[in-house]
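Order of the sequence lines fixes the chain letters, A, B, ..., with proteins taken first and strands second; residue numbering starts at 1 for each chain.
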Amino acid sequence: MTRILPMENIKELWDKIIDGLKTKFTSDVVDLWLTPIELFHKNATEFVLQVPNKFFRNWVEENCLADVKNSLAAAYGLPSGNDVGVEYIELQNVTGGEMTGSETLNAGGAKEPVERVEAAVTSIFNPKLSFSKFIVGKQNQFAYSGAWAVANDPGKQYNPLFIWGGVGLGKTHLLNAIGNRVNENFPKVKTLYVQTKTFINDFIDSIRFGTPATFRNKYSNVECLLIDDIQFLVGKASCQEEFFYTFNAIYDSKKQIVLTSDKPPKDIGGLEERLISRFVWGLVVPIDPPDLETRIAILRSKADEERVYVPEDVILYLASEIKTNIRVLEGALTKVAANAALLGTPLTVDTAKKILQDIITKEKETRPVTIERIQKAVAEHYSLKLSDLKSKRRTEMLAIPRHIAMYLSREMTPSSHAAIGEEFGGKDHSTVIHAINKIKAKAESDPFFSAELNKIVKKINYE
DNA sequence: TTCGGTTATCCACAAGTGG
DNA sequence: CCACTTGTGGATAACCGAA
């Protein structure tokens with residue numbers, strides 16, 4: 001019986017195989033076709049290659065399958081490459097039909113199907129947010145793979161899994177996909193999905209009603225905790241303390257934790273060092289905004305799902321106009337399609353243009369102003385670096401813009417003084433108050449300064 | 001460079017707020 | 001009631017201009 005290699009080793013093995021192939025192909029080719037692929041172990045003589053789509057599979061089969069098999073045979077002491085079996089998982093079905101990935105992978109050697117006893121599941125997940133509905137591109141490939149691995153082997157490989165990226169890029173989708181998958185694979189595992197805000201409220205309630213036991217029972221006994229938007233813990237010391245406790249309880253009992261945030265761990269200011277260091281124990285994966293091809297794929301999939309026909313040029317137009325937020329992208333498609341159906345007019349780029357205008361302006365209006373955006377605008381206005389605003393230096397050149405940014409953060413966002421101070425390199429809340437008073441007084445007495453402030457506000461709102 | 005005034009910052013503490 | 005928020009006064013050291 002050959003032992004299945006642990007994850008790290010099989011990864012290393014794949015890296016080695018890739019290295020070996022660098023003598024045969026240029027490094028560009030290797031980067032393009034081979035690095036996105038992951039190798040899994042099925043059993044003693046069979047392996048699974050997880051490829052982004054069928055093109056990768058074809059390429060491997062045509063160009064280097066024999067080499068891969070030989071290397072695997074050598075690594076596992078088999079007589080020849082012919083003794084090695086290789087299967088594929090295609091993460092994305094590029095022909096546009098239904099996805100196959102999630103059905104085929106039971107390959108990581110995960111588990112036998114468990115009979116469905118009454119599942120002690122605490123969260124119900126949105127069935128629409130499954131892995132098969134998640135469009136994989138190279139910007140979210142790592143996040144997808146990480147989530148996939150976790151969902152099939154919770155608590156083992158990547159713990160905690162930390163997914164970060166901007167708004168509307170699919171973090172919540174992945175959390176739900178993990179939840180769905182875990183519920184499906186391991187019905188007995190207690191999974192819990194919570195927003196960080198819910199966690200905070202629960203904690204405060206538990207203090208108010210004097211029921212810490214109930215609180216800890218809810219959280220510490222979870223076997224797969226999926227917690228969304230962890231950045232909301234910033235500036236809430238006792239909540240962090242409690243989360244630290246919860247985290248350790250779950251982690252120590254080898255249960256899975258998955259976190260999401262809008263920033264990578266090290267950039268979340270105002271979070272205790274010990275929390276951050278724990279977040280990076282496992283796997284930290286980014287989700288970047290999708291590129292054009294991926295956006296097109298997303299729109300096609302959405303059109304399929306909604307069973308509407310959308311002409312290629314309209315899809316291309318939408319995909320090239322809306323770049324950063326997948327939710328908005330899908331919303332635009334739905335709206336355009338619904339509008340055309342309602343009016344009985346054909347779906348054209350022109351009608352799409354008209355409707356999109358609406359969405360874009362609305363998006364701008366409703367887009368919340370963040371401290372970060374204010375900082376960026378102020379920094380740009382005074383030709384400073386973002387780090388200058390957060391530094392400890394106090395020269396007038398830095399201090400005044402810093403005060404302005406603090407003042408505007410107070411005016412334009414609902415943040416508390418403490419939270420603002422945190423965003424400026426961990427300043428004290430009274431420092432923020434001081435800054436606000438300073439700027440207020442100056443703005444009242446100096447109309448030129450006041451005009452300058454208005455200019456900056458415009459800049460913030462415009463961008 | 002040094003020196004004294006200014007002030008950005010942190011800290012301790014108190015009072016207010018909300019669920 | 002407790003955590004969070006806001007506000008106040010004081011200490012300190014970084015800054016700044018003048019000598």
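- Between the Asp153(A) side chain and the Val150(A) main chain, no donor and acceptor come within less than 3.5 Å of each other.
- Ile433(A) comes within 4.0 angstrom of a base, heavy atoms only.
- Residue Gly421(A) is classed as having no contact, given no heavy-atom separation below 4.0 Å to the nucleic acid.
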Just the table, please: protein N/O against nucleotides 11-16 of chain B N/O, every pair under 3.5 Å.
unit_1  : atom_1 : unit_2    : atom_2 : d
dC11(B) : N4     : Ser430(A) : OG     : 2.5

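- Residues satisfying the salt bridge (charged side-chain N to carboxylate O under 4.0 Å, His left out) test with Glu411(A), not counting sequence neighbours, are none.
- Evaluation of the salt bridge (charged side-chain N to carboxylate O under 4.0 Å, His left out) test over residues 227-243 of chain A, restricted to residues two or more places apart or in two chains, returns Arg216(A)-Glu242(A), Glu241(A)-Arg274(A).
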Distances for protein N/O vs nucleotides 1-3 of chain B N/O pairs under 3.5 angstrom?
none

In 5'-to-3' order, the base (B), backbone-only (S) or no-contact (-) status of each nucleotide in nucleotides 11-19 of chain C, using a 4.0 angstrom heavy-atom cut-off, is --BBSS---

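- Side chains of Thr294(A) and Asp291(A): a donor-acceptor N/O pair is present below 3.5 angstrom, by distance only.
- Heavy atoms of His417(A) sit under 4.0 angstrom from primed sugar atoms or phosphate atoms, though from no base atom.
- Ring to ring, Phe243(A) and Tyr219(A) are not that close: their centroids are 6.0 angstrom or more apart.
- Among dC4(C), dT6(C), dT9(B), the nucleotide with an atom closest to any side-chain atom of Arg402(A) is dT9(B).
- Lys442(A) meets the salt bridge (charged side-chain N to carboxylate O under 4.0 Å, His left out) test with no other residue; sequence neighbours excluded.
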